[in-house]
Amino acid sequence: MKRFFKPIEKEGSAKKPSLSPSKNGAENGDALPEVDVKKEPLKFLTWNANSLLLRVKSNWPEFSNFVSNLDPDVISIQEVRMPAAGSKGAPKKPGELKDDTSSSREEKQILMRALSSPPFGNYHVWWSLADTKYAGTALLVKKCLRPLKVSFSLDGTVSKHEPDGRVILAEFETLRILNTYAPNNGWKDEENSFQRRRKWDKRLLEFVVQSSDKPLIWCGDLNVSHEDIDVSHPEFFSAAKMNGYVPPNKEDCGQPGFTLAERKRFGAILKECVETYDYEPEKLELILSLICMGRLVDAYRYLHKEKDMECGFSWSGHPIGKYRGKRMRIDYFIVSEKLKERVGECEMHGKGIELEGFYGSDHCPVSLQLSEGCKKDK
């Protein structure tokens, strides 16, 4: 094991131990020590780690330095790939790391040591995990910030976790933060690909409309590139196939994340447009009644109008093979229109074919900086 982890304190150490989250912390916020409390976060970071444990083992010093220098208030992580607690055949606990075997205990210890070391010891962590080493999300919030509520599903039910741990929703006094890891569209018209993604997008639209009472920051790996400008090689991605398969619906053709169907649905979510969805009359009436209350803005594209072939993409294909140099922007900060005038910075922190600043993942971190709100906003 590398020696960059914080050593475990011995009994009698003069150093005070950090407080653990309370049992009910995931529901109502942690029982936190007395600190100067900030009302709302202003700086955010999102990153698909492509296995957080692997990043801890291989890339943690570099990523730690990056986080120390950026000093975000909130860190959203996707593709944690740590299994949820619960022995074989027993109910899972998606908010806790598995530790019922010697290997899982060792992995949990490695991960928790890393997250207790600077600068991560300044954050409280919430997990939403799959049953196996697949998908999963984490949310790190500075201890000087106190969410009113943290939940793990798009319907706001605190005790319910989304399948595969794809959602963490934190509500603060002035805004909500939604961290999602969207399911990949897949290549074939099967239940676990196209249909799954269509259902996900429909539920996202419903969530956005029904949550428009408070400004939203939606971030994460959204697994879609909205416009041609958001991929390095539009023609390549539009014509991409897997083993020669051509979907029956032409709008499902192409690279997952860049199919016309996905891009249209994503645009509909941003604009809260309902004509592409088949809703029951009562739901349609609700959506139409709220249609203008809180449209969404792509923070990066709001600031960066032109295509940037060097720093304008968050995912990059393998440096070897046909995907060398092929890149997509699929990691986002989407904000309510009410917040767009406060968007000061939104940057991708990786560049180049050789994945500089990706810290071992195939995704680079993306950050968002808001200016302080006016008193009337608070």
Under 4.5 Å between side-chain heavy atoms, counting indirect links through other Ile/Leu/Val/Met/Phe/Trp/Tyr residues: same cluster for Tyr359 and Tyr123 or not?
yes

Report the residue from Ile217, Leu175, Leu296 that forms a side-chain contact (heavy atoms from CB on, under 4.5 Å) with Ser336.
Leu296

Establish whether Leu339 and Leu303 are linked, either directly or via other cluster members, by ILVMFWY side-chain heavy-atom contacts under 4.5 Å.
yes

Phe358, Phe63: one ILVMFWY side-chain cluster at the under-4.5 Å cut-off?
no

Verify, without hydrogens or angle tests, whether Lys92 (side chain) and Gly86 (backbone) share a donor-acceptor contact under 3.5 angstrom.
yes

Could you tell me whether the side chain of Ile334 reaches within less than 4.5 Å of the side chain of Val208, counting heavy atoms only?
no

Quick one, Phe152 with Val167, criterion side-chain contact (heavy atoms from CB on, under 4.5 Å). Give me CA distance, side-chain angles, the key distance, then yes/no.
CA-CA 5 Å; Phe152 307 92; Val167 171; 5.8 Å; no

Test of understanding: clusters of I, L, V, M, F, W, Y form through side-chain heavy atoms closer than 4.5 Å, transitively. Do Tyr332 and Phe237 belong to the same one?
no

Which atom of Pro234 lies closest to which atom of Phe258, heavy atoms considered
O-CE2, 3.7 Å

First locate atom CG of Asp252, then atom NZ of Lys188, and finally report the distance between them rounded to the nearest 0.5 Å.
14.0 Å

Carboxylate-amine/guanidinium contact Asp230 Arg301, below 4.0 Å
yes

Closest contact, heavy atoms only, Pro94 versus Ala84:
CA-CB, 3.7 Å

Take Arg81 and Asn50, measure what side-chain hydrogen bond (donor to acceptor under 3.5 Å, both in side chains) needs, and give me the verdict at the end.
CA-CA 8 Å; Arg81 290 195 194 172; Asn50 192 19; 2.7 Å; yes

Distance from Ser128 atom OG to Gln78 atom CD, nearest 0.5 Å?
12.0 Å

So, does Glu162 use its side chain to make a donor-acceptor pair with the main chain of Leu154 at under 3.5 Å?
yes

Anything under 30° is parallel, anything over 60° is perpendicular, the rest tilted; go ahead and classify Phe236 against Tyr323.
perpendicular

Pairwise distance CE(Met309) to NE2(His233) - rounded to 0.5 angstrom:
5.5 Å

For Glu306, does the CD atom sit with more than 12 other heavy atoms under 6.0 Å from it, leaving out its own atoms?
no

What I want to find out is whether Asp100 reaches Lys108 closely enough, with some N-O distance under 4.0 Å, to be called a salt bridge.
no

Look at the side chain of Arg324 and the backbone N and O of Ile353, then say whether any donor-acceptor pair between them is shorter than 3.5 Å.
no

Does Arg329 come within less than 4.0 Å of Asp298, counting only side-chain N to carboxylate O?
yes

State, with a plain yes or no, whether a side-chain heavy atom of Ile110 is found less than 4.5 Å away from one of Glu106.
yes

In terms of relative ring orientation, are His226 and Phe266 parallel, tilted or perpendicular, with 30° and 60° separating the classes?
perpendicular

Run the numbers on Phe333 and Val297 for side-chain contact (heavy atoms from CB on, under 4.5 Å), then give the verdict.
CA-CA 9 Å; Phe333 276 100; Val297 175; over 6 Å; no

Could you check whether Lys340 pairs with Glu337 (Lys NZ or Arg NE/NH1/NH2 to Asp/Glu carboxylate O, under 4.0 Å)?
yes

Would you say that Thr137 contacts Thr180 through its side chain, given a criterion of any heavy-atom pair below 4.5 Å between the two side chains?
no

More than 12 heavy atoms of other residues, nucleotides or ligands under 6.0 Å from NZ of Lys214: yes or no?
yes

Do you know which of Lys98, Lys57, Lys133 makes side-chain hydrogen bond (donor to acceptor under 3.5 Å, both in side chains) with Glu107?
Lys133

Taking all non-hydrogen atoms of both residues into account, name the closest pair between Leu111 and Trp127 and its distance.
CD2-CH2, 3.7 Å

For Asp221, the option from Val366, Ile330, Asn179 that meets side-chain contact (heavy atoms from CB on, under 4.5 Å)
Ile330

Could you measure the distance from the CG atom of Leu204 to the CD atom of Glu206? Nearest 0.5 Å is fine.
10.0 Å

Under 3.5 Å donor-acceptor, Ser361 side chain and Asn48 backbone:
yes

Lys39 bridged to Glu372 by N-O distance under 4.0 Å:
no

Sub-3.5 Å donor-acceptor pair from the side chain of Asp164 to the main-chain atoms of Arg166, do we have one?
no

Hey, are the side chains of Met348 and Asp331 touching, using non-hydrogen atoms and a 4.5 Å cut-off?
no

Keeping the roles fixed (side chain from Lys143, backbone from Gly121), state whether a donor-acceptor pair exists under 3.5 Å.
yes

Would you please test Trp218 and Phe207 for ring-ring contact (aromatic ring centres under 6.0 Å, His included) and show each step?
CA-CA 11 Å; Trp218 172 26; Phe207 167 82; 8.3 Å; no

Flag the pair Ser232 / Phe313 as yes when at least one side-chain heavy-atom distance between them is below 4.5 Å, and no otherwise.
yes

Quick check on the hydrophobic clustering: are Leu222 and Val209 connected, directly or via other members, by side-chain heavy-atom contacts under 4.5 Å?
yes

Spacing of Ile75 atom CD1 and Lys43 atom NZ [to the nearest 0.5 Å]
11.5 Å

Between Gln369 and Phe44, does the side-chain contact (heavy atoms from CB on, under 4.5 Å) criterion hold? Intermediate values first, please.
CA-CA 6 Å; Gln369 173 78 57; Phe44 309 84; over 6 Å; no

Please determine whether side-chain contact (heavy atoms from CB on, under 4.5 Å) holds for the pair Asp189 and Gln195, giving the CA-CA distance in whole Å, both sets of side-chain angles, and the decisive distance to 0.1 Å.
CA-CA 7 Å; Asp189 191 7; Gln195 298 303 320; 3.5 Å; yes

Looking only at heavy atoms, the pair that brings Ser64 and Pro119 closest together is O-CD, 3.8 Å

Do Glu354 and Glu356 come within less than 4.5 Å of each other through their side chains, counting heavy atoms only?
no

Do Arg197 and Arg265 come close enough that some side-chain heavy atom pair is under 4.5 Å?
yes

Rounded to the nearest 0.5 angstrom, the CZ-CD1 distance for Phe172 and Ile177 is 4.5 Å

Any luck finding a side-chain donor-acceptor pair between Arg196 and Asn192 under 3.5 Å?
no

I'd like to know whether NZ of Lys326 has more than 12 heavy-atom contacts from other residues, nucleotides or ligands below 6.0 angstrom.
yes

Would a distance-only check, ignoring hydrogens and angles, find a side-chain to backbone donor-acceptor pair under 3.5 Å from Asn249 to Glu251?
yes

Asp73 and Leu42: which non-hydrogen atoms are nearest, and at how many Å?
OD2-N, 2.8 Å

Mind checking whether Leu368 and Cys219 have side chains closer than 4.5 Å, heavy atoms only?
no

Centre-to-centre under 6.0 Å for Trp47 and Phe66, is that the case here?
no

Atom NZ of Lys307: over 12 foreign heavy atoms under 6.0 Å
yes

In terms of side-chain heavy atoms, does Ser193 have a donor or acceptor partner in Glu190 at a distance below 3.5 Å?
no

Smallest heavy-atom separation, Ser316 atom then Leu355 atom, equals CB-CD2, 3.2 Å

